[in-house]
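Just below is one structure, and these are the notes that go with it.
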Amino acid sequence: MNANLSPEEIVRREALVKLRQLSIDPFPAAEYETNATAAIIKANYQEGQEVSVAGRLMNQRIQGKAGFADLHDASGRIQIYINQEVLCPGEDKTLYQEVVRHLLHHGDFVGVKGKVFTTKLGEISINVSELTVLAKSLRPLPVVKTDAEGNVYDAFTDPEMRYRMRYVDLVVNPKVKDTFVKRTKIMNAMREFFNERGYLEVDTPVLQAIPGGASARPFITHHNTLDIPMYLRIANELYLKRLIVGGFDGVYEFSRNFRNEGMDRTHNPEFTVMEIYVSYKDYNWMMRFTEEMIEHVATQALGTTDVQFGDKSISFKAPFARVSMTDAILQHTGFDITGKTEDELRAKCVELGLEANENLGKGKLIDTLFGEMCEKHFIQPTFITDYPVEMSPLCKRHRDNPELTERFELMVNGKELANAYSELNDPIDQRERFEEQIKLMERGDDEAMFIDFDFLRALEYGMPPTSGMGIGIDRLVMMMTNNESIQEVLFFPQMRPEKKQDGPDLAAFENTGIPAYWIEALVSLGIHTLEQLKEVKPTALHQNLNTYRKKNKLDIPAAQLDEILTWIN
RNA sequence: GAUCUCGUAGCUCAGCUGGUAGAGCAAUACACUUUUAAUGUAUGGGCCCUGGGUUCGAGUCCCAGCGGGAUCACCA
């Protein structure tokens with residue numbers, strides 16, 4: 001038996017062998033027919049009803065000749081009662097004495113048949129008359145227990161382990177499962193809202209030759225046949241607009257976007273944004289549409305428009321407040337940005353102690369003022385409207401003021417949740433705005449956009465007036481499920497790959513003929529295996545070893561490059 | 001990227017100014033036919049993240065690394 005197994009794993013593997021000796025297949029192939037679930041039995045309680053259910057056996061409380069255990073299925077938990085005489089009415093008590101008492105463990109999958117009854121203490125339970133082993137669990141699950149007051153004991157809480165082993169997290173922490181069920185309900189409710197209005201759900205490329213539609217650093221990959229670099233999408237906006245050019249009334253997509261930027265509790269390298277574009281509409285229509293949609297989603301998915309997020313209560317009841325960008329900044333800084341020059345804006349930022357270097361254009365400066373001074377104050381859903389033209393290169397100019405755009409962002413809990421425009425459909429203006437972005441790029445704004453000439457060509461064929469809106473699904477789910485970190489609403493958040501931590505492979509070094517004094521040096525240089533040794537440049541290693549020799553004043557011959565080459569080959 | 005902080009049994013966690021590794025749950029054995037987290041008695045279980053250093057002696061102190069978390073920076 002493998003020496004790396006823990007004692008509990010060894011016990012379970014031995015049980016596996018013993019089950020086979022008793023002619024019980026621990027991993028049977030056949031379908032196991034069920035006619036109920038834990039939730040159904042509890043909801044439609046009928047004394048004496050014959051049921052067949054399957055799930056994980058948990059928390060056995062088996063005593064001498066009878067006892068209890070819990071069966072967890074996808075719907076929840078139900079208690080089972082196992083009595084030796086009911087399970088094994090004949091002479092042969094093996095199933096009870098051996099299998100139930102010794103060979104089944106916490107976490108094993110079993111199917112049970114039996115009559116439903118209520119225990120003395122009033123808990124709906126199944127009196128098991130047949131038990132089938134469905135799958136053995138070879139690793140012990142954490143045993144988490146909850147008492148009558150809801151206190152949780154021995155909770156499985158380490159975030160690293162929870163995220164890396166989400167399957168365990170889901171088994172053991174019911175709230176986690178609930179979050180993900182809600183996530184799907186939220187997306188379904190949104191879909192339903194769009195579909196009812198006749199808008200079409202579409203798929204557009206994830207792999208793009210030009211990463212457009214947003215300002216962000218993309219992931220780069222390479223297409224072999226075309227022999228060109230390709231990018232994972234940072235946004236799908238430009239593709240959806242092409243479809244509006246193509247004549248659809250309204251299109252939407254749940255877009256998995258990828259951005260090669262920092263990771264923290266609100267940023268994952270891949271994340272989901274829903275974007276929708278509707279022709280013949282403007283951003284005023286889109287504001288009404290958005291607040292109605294969010295109200296609908298909250299009602300459908302949560303059953304209420306009132307959401308508790310941390311210590312704050314948030315109401316998603318429409319209509320939401322509307323505040324212009326200019327008013328928001330005026331309100332929170334007393335400074336009126338109307339008609340101000342870049343230098344005046346920069347001076348104000350400096351006065352307020354905000355970062356405002358020469359790379360920042362007018363738009364970025366206003367964005368800084370808003371982001372630093374105002375954003376955090378908007379806890380209840382609020383539409384911030386009419387952004388400066390410099391920070392919105394894809395947005396139509398404001399009908400009353402050419403310095404502004406017809407844009408809104410929806411702020412909730414001090415964070416941006418949605419972003420929408422009256423889309424820019426003047427191809428000549430669009431081309432100029434892209435060229436402005438290129439100038440910003442040349443000034444050192446590494447987030448400025450690339451020019452997508454095919455998109456400009458599409459606009460030149462004519463795009464009807466259109467309003468578009470994007471909403472961060474992960475952030476919406478976080479708010480609606482009261483989770484402070486994005487990792488909690490993604491099944492498999494991105495983590496650094498697991499690295500097995502072995503000690504240095506001294507034997508391999510010795511076998512390669514490396515002298516003992518150099519092995520010591522290699523280890524302290526962080527080279528623990530032959531693979532690592534082969535990855536370093538021999539010339540660099542040569543230098544490093546001799547530096548090590550000198551630094552530690554070792555009385556050994558200096559390393560020779562030829563010698564090092566013989567180790568590697 | 002910066003700072004702080006954590007890494008001890010399958011899980012949750014103790015382990016003081018350095019002196020032979022601890023508890024509860026889980027596991028194993030025995031007893032027990034209705035328990036409500038969680039029966040009683042007994043037993044087993046540890047590369048204390050890795051490597052190096054200081055020391056007579058390191059889970060504990062120091063250095064480096066790996067991995068996590070928090071805060072900040074970055075984030076149309």
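Proteins get letters first, then strands, A, B, ... in listed order; numbering begins at 1 in each.
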(request) Answer yes or no: is there an ion pair linking A:Asp452 with A:Arg242, defined by an N-O contact shorter than 4.0 Å? (result) yes
By nearest-heavy-atom nucleotide on RNA chain B, the more 5' of A:Met161 and A:Asn127 is A:Met161
Under a 3.5 Å limit on both distances, the Watson-Crick or wobble mate of B:rC4 is B:rG69
Between the base of B:rU33 and the side chain of A:Gln84, is there a donor and acceptor pair under 3.5 angstrom?
no
Taken to the nearest 0.5 Å, the spacing of A:Tyr387 OH from A:Phe370 CZ works out to 5.0 Å
* To do: Specify whether A:Phe68 and A:Tyr81 have parallel, tilted or perpendicular ring planes, treating 30° as the upper limit for parallel and 60° as the lower limit for perpendicular.
  => tilted
In whole Å, measure the gap between the C1' atoms of B:rU12 and B:rC63 for me. 32 Å
Note to self: Closer than 3.5 angstrom, by distance alone: can the side chain of A:Gln79 be matched with the main-chain N or O of A:Glu123 as a donor-acceptor pair?
What the structure shows: no
For B:rG45, the nucleotide meeting Watson-Crick or G-U wobble distances (both under 3.5 Å) is none
* Can you tell me if the side-chain N/O atoms of A:Lys145 get under 4.0 Å from OP1 or OP2 in B:rG24? -> no
- Item | B:rU41 to B:rG59 separation - C1' atoms, rounded to the nearest Å | 32 Å
Note: for A:Met165 and A:Glu409 on RNA chain B, the residue whose nearest nucleotide lies more 5' is A:Met165
What about A:Gln63: does its side chain form a donor-acceptor pair under 3.5 Å with the base of B:rU34? no
_One thing to verify: whether A:Arg265 and A:Glu488 come together as a salt bridge, which I'm taking to mean a side-chain N less than 4.0 angstrom from a carboxylate O._
no
Q) Just to confirm, is there a sub-4.0 Å distance from OP1 or OP2 of B:rA29 to any side-chain nitrogen or oxygen of A:His102? A) yes
**Message:** Using a 4.0 Å heavy-atom cut-off, does A:Arg407 contact any base of the nucleic acid, only the sugar-phosphate backbone, or nothing at all?
**Reply:** sugar-phosphate
Check: When you compare B:rG65 with B:rG57, how far apart are their C1' atoms, in angstrom units rounded to a whole number?
Finding: 25 Å
> Side chain of A:Thr119, base of B:rU36: donor and acceptor closer than 3.5 Å?
Replying inline: yes
For this session: Please check the phosphate of B:rU28 (OP1 and OP2 only) for any side-chain N or O of A:His105 closer than 4.0 Å.
Result: yes
What nitrogen or oxygen pairs link the protein and nucleotides 68-71 of chain B at under 3.5 Å?
{"from": "B:rG68", "atom 1": "OP1", "to": "A:Arg496", "atom 2": "N", "distance (Å)": "3.4"}
{"from": "B:rG68", "atom 1": "OP2", "to": "A:Arg496", "atom 2": "NE", "distance (Å)": "3.1"}
{"from": "B:rG68", "atom 1": "O4'", "to": "A:Glu160", "atom 2": "OE1", "distance (Å)": "3.3"}
{"from": "B:rU71", "atom 1": "OP2", "to": "A:Arg265", "atom 2": "NH1", "distance (Å)": "3.1"}

Inspect the contact between A:Lys18 and A:Glu98 and indicate whether a charged nitrogen and a carboxylate oxygen are less than 4.0 angstrom apart.
-> no
Next item on the list: Remember a base hit wins even if backbone is also touched, and classify A:Tyr96 as base, sugar-phosphate or nothing at under 4.0 Å, heavy atoms.
Entry: nothing
Any strand, both distances under 3.5 Å, Watson-Crick or G-U wobble: B:rU60 pairs with none
Does the distance from a Lys or Arg side-chain N to an Asp or Glu carboxylate O, for A:Asp70 and A:Arg56, drop under 4.0 Å?
-> no
Rounded to whole Å, CZ of A:Arg162 lies from P of B:rU12 at a distance of 11 Å
| request: Classify the nucleic acid contact of A:Glu484 as base, sugar-phosphate or nothing, counting any heavy atom under 4.0 Å across all strands shown. | output: nothing
(message) What's A:Thr157 touching, base or sugar-phosphate or nothing? Going by heavy atoms closer than 4.0 Å.
(response) sugar-phosphate
